[in-house]
Trainee: 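After the structure tokens below, expect a handful of questions from me.
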Amino acid sequence: MTKQKICIVGDGLSGLMTAAVLAKVPGVEVNLIAKKGTKIKDKRTTAISDTNLKFINQNITSLGQKLFWPSKKIELFYETSKGKINFLNLNEANSNLMYVFENDKVKSALMKEVLKNKTKLIRKDVKNLDEFKNYDLVILCMGGQSKIYNEMTKIRSIKKDYKEVAITGYVKHSFKILNASQFFLKEGPLAILPFSKNYFSFVWSVKKYFFKNNSKKITSLVKNKIVEMLKNKQDITISNIQSYPISLSLRRQYHQKNILILGEGLHTIHPVAGQGFNLVLRDIKKLKAIIKYYVGLGISIKNSYALNDFYNSRKPENTIMSLGVDATHSFFKQNKYLDPFKEIIVKNIKNNETLKKFSKIISNRGLSL
Ligand SMILES: Cc1cc2nc3c(=O)[nH]c(=O)nc-3n(C[C@H](O)[C@H](O)[C@H](O)COP(=O)(O)OP(=O)(O)OC[C@H]3O[C@@H](n4cnc5c(N)ncnc54)[C@H](O)[C@@H]3O)c2cc1C
């Protein structure tokens, strides 16, 4: 039986992960298209849930456990004029709440896996959609900015420019214990994500004008802020500072004929809750199950309802989760009229066991309860 040909475009986390996972489906042949040339290294880290790591491990055994640093506890703080309130502590005694990995390390491990699977790697810059006539399925994982999507989607996306920038970087430290934490500060949310014994990464989302006005002294500004928040006098070293513009973009059309958009191109969301790639992983899991089903029945993906099935099963969760993250971001945004009420709400959250349980389940499994 001839294999069905799948082409994946883009060697970001979404494209590489999709290529590595789909190559294992019997009856399909995967090609991966990636741009030529050297790129700026992605020195971010990504936090993923326990369920999502299980999915990765089940599908790609070669990645191993070492690349993923576990966290059993997550602490959330809200900054007020009188100090910061520790309003939510999530912990798990017998399992891990999340895992943090370094993007560049996981990307190179995934590329090795892709090449090991004998996936054909084609180096080129895709310019238009006419290049894909010979494929049964094309999956575009070209990030959030590609203009090519406009060639295929007629329905306008839900869009919002937060006018914010995420400042990211690594911090070397010698603290004894450090938990993952999120500080909702006046300037914007600051996340601390441990990814090895002596390193954590940070993501600090701030207004664009704040970033611009402080661009020359950003390292010292971040350092002082982290020292102040962690209340730890030991010296820390900051490296790998990068910045990423932040926006919300939710596609309302996922595919055109046999061409599907996946990854940041489908849903770009605020990094405040660390949910973007978690949604992508659940998309990949569903897509794999659908492709396996149709190919298993001997039905050509090209002429099937596979992509409609994918759209119908993933759109509700992607929309609700993304808008939920947007609502969380709006709630914590500084507002002189609402801030006194927020303080009261935040103090009440601390003792709400149901809310704690609910937030743990949602961040672990999404809405697939
Ligand atoms: C600051 C920040 C922190 C984040 N933290 C988290 C987190 O903790 N947890 C979480 O779940 N998510 C997080 N996310 C989201 C996560 O980073 C993304 O979901 C993830 O990186 C997937 O990106 P992607 O592969 O879809 O897109 P990209 O990384 O943008 O990759 C797109 C790829 O397509 C290629 N490409 C583009 N155009 C072409 C072309 N014409 N031809 C060929 N190739 C092309 C590019 O070269 C690139 O390799 C965060 C995001 C940000 C901004």
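One is the number of the first residue; the rest follow in order along the sequence. One-based numbering, in listed order, for ligands and for the atoms of each.
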Trainee: Heavy-atom contact check, 4.0 Å cutoff: does Ser146 meet ligand 1?
Mentor: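 For ligand 1, residue contact (heavy atoms, under 4.0 Å) with Ser146 is absent.
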Trainee: Closest by any non-hydrogen atom to atom 33 (C) of ligand 1: pick that one out of Gly276, Ala34, Ser363, Cys141.
Mentor: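 Among Gly276, Ala34, Ser363, Cys141, the closest heavy atom to atom 33 (C) of ligand 1 belongs to Cys141.
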Trainee: Just let me know how Leu262 lines up against ligand 1, side chain, backbone, both or neither, with a heavy-atom cut-off below 4.0 Å.
Mentor: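 Neither part.
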Trainee: Distance from Leu137 atom CG to Cys7 atom SG, nearest 0.5 Å?
Mentor: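 So the CG of Leu137 and the SG of Cys7 are separated by 9.0 Å.
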Trainee: Is it the case that Lys5 places NZ or CZ above or below the six-membered ring of Tyr135, under 6.0 angstrom from the centre and within 45 degrees of the axis?
Mentor: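 Checked: cation-pi criterion met.
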Trainee: So does Asn150 get a backbone contact from the side chain of Thr153, meaning a donor-acceptor N/O pair under 3.5 Å?
Mentor: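 It does not hold such a pair.
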Trainee: At a 4.0 Å cut-off, with the gap strictly under it, does some heavy atom of Ile48 reach an atom of ligand 1?
Mentor: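 No heavy atom of Ile48 comes that close to ligand 1.
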Trainee: Side chains of Asp50 and Asn364: is there a donor and an acceptor less than 3.5 Å apart?
Mentor: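 Not at all, the side chains of Asp50 and Asn364 share no donor-acceptor pair under 3.5 Å.
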Trainee: State whether the shortest distance between N or O atoms of Gly274 and N or O atoms of ligand 1 falls below 3.5 angstrom.
Mentor: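 Between Gly274 and ligand 1 (N or O atoms, distance only) the closest approach is under 3.5 Å.
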Trainee: So which of Gln242, Glu264, His267 gets nearest to atom 15 (C) of ligand 1, if we judge by its closest heavy atom?
Mentor: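 Among Gln242, Glu264, His267, the closest heavy atom to atom 15 (C) of ligand 1 belongs to Glu264.
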Trainee: Under 6.0 Å between the ring centres of Tyr170 and Phe195?
Mentor: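 Close enough - the centres of the two rings lie under 6.0 Å apart.
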Trainee: For atom 7 (C) of ligand 1, tell me which residue out of Gly12, Pro271, Ala47 has the closest non-hydrogen atom.
Mentor: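 Comparing heavy atoms across Gly12, Pro271, Ala47, the nearest one to atom 7 (C) of ligand 1 lies in Ala47.
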Trainee: Among Ala273, Ser205, Gly143, Ala166, which one puts a heavy atom closest to atom 1 (C) of ligand 1?
Mentor: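 Shortest heavy-atom distance from atom 1 (C) of ligand 1: Ala166.
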Trainee: Please state which part of Ile246 comes within less than 4.0 Å of ligand 1, counting heavy atoms only: side chain, backbone, both or neither.
Mentor: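 Neither; no heavy atom under 4.0 Å.
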Trainee: Which option wins on minimum heavy-atom distance to atom 52 (C) of ligand 1: Arg44, Gln145, Lys36?
Mentor: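 Going through Arg44, Gln145, Lys36 one by one, Arg44 has the nearest heavy atom to atom 52 (C) of ligand 1.
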Trainee: Is the distance between the ring centroids of Tyr99 and Phe55 less than 6.0 Å?
Mentor: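 No, ring centres 6.0 Å or more apart.
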Trainee: Within a distance of under 4.0 Å, is there any protein heavy atom near atom 30 (O) of ligand 1?
Mentor: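 There is a protein heavy atom less than 4.0 Å from atom 30 (O) of ligand 1.
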Trainee: Rounded to the nearest 0.5 Å, what's the gap from NZ on Lys36 to CG on Asp125? Could you check?
Mentor: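 Lys36 atom NZ to Asp125 atom CG measures 9.0 Å (nearest 0.5 Å).
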Trainee: Is it the case that the ring center of His329 lies less than 6.0 angstrom away from the ring center of Tyr162?
Mentor: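 Yes.
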Trainee: Tell me which part of Gln275 gets within contact of ligand 1: side chain, backbone, both or neither, using heavy atoms under 4.0 Å.
Mentor: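 The answer is the backbone.
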Trainee: Taking the six-membered ring for Trp, are Tyr254 and Tyr311 parallel (under 30°), tilted (30 to 60°) or perpendicular (over 60°)?
Mentor: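 Aromatic pair Tyr254/Tyr311 classed perpendicular.
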Trainee: Name the option, out of Val280, Leu16, Asp11, that contains the heavy atom nearest to atom 48 (C) of ligand 1.
Mentor: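 Looking at heavy atoms only, Asp11 sits closest to atom 48 (C) of ligand 1.
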Trainee: What I want to know is whether Gly10 and ligand 1 share at least one N or O pair that is separated by under 3.5 angstrom.
Mentor: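 No, since none of the N or O atoms of Gly10 sits under 3.5 Å from an N or O of ligand 1.
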Trainee: Specify side chain, backbone, both or neither for Lys127, according to which of its non-hydrogen atoms lie closer than 4.0 Å to ligand 1.
Mentor: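 The answer is neither.
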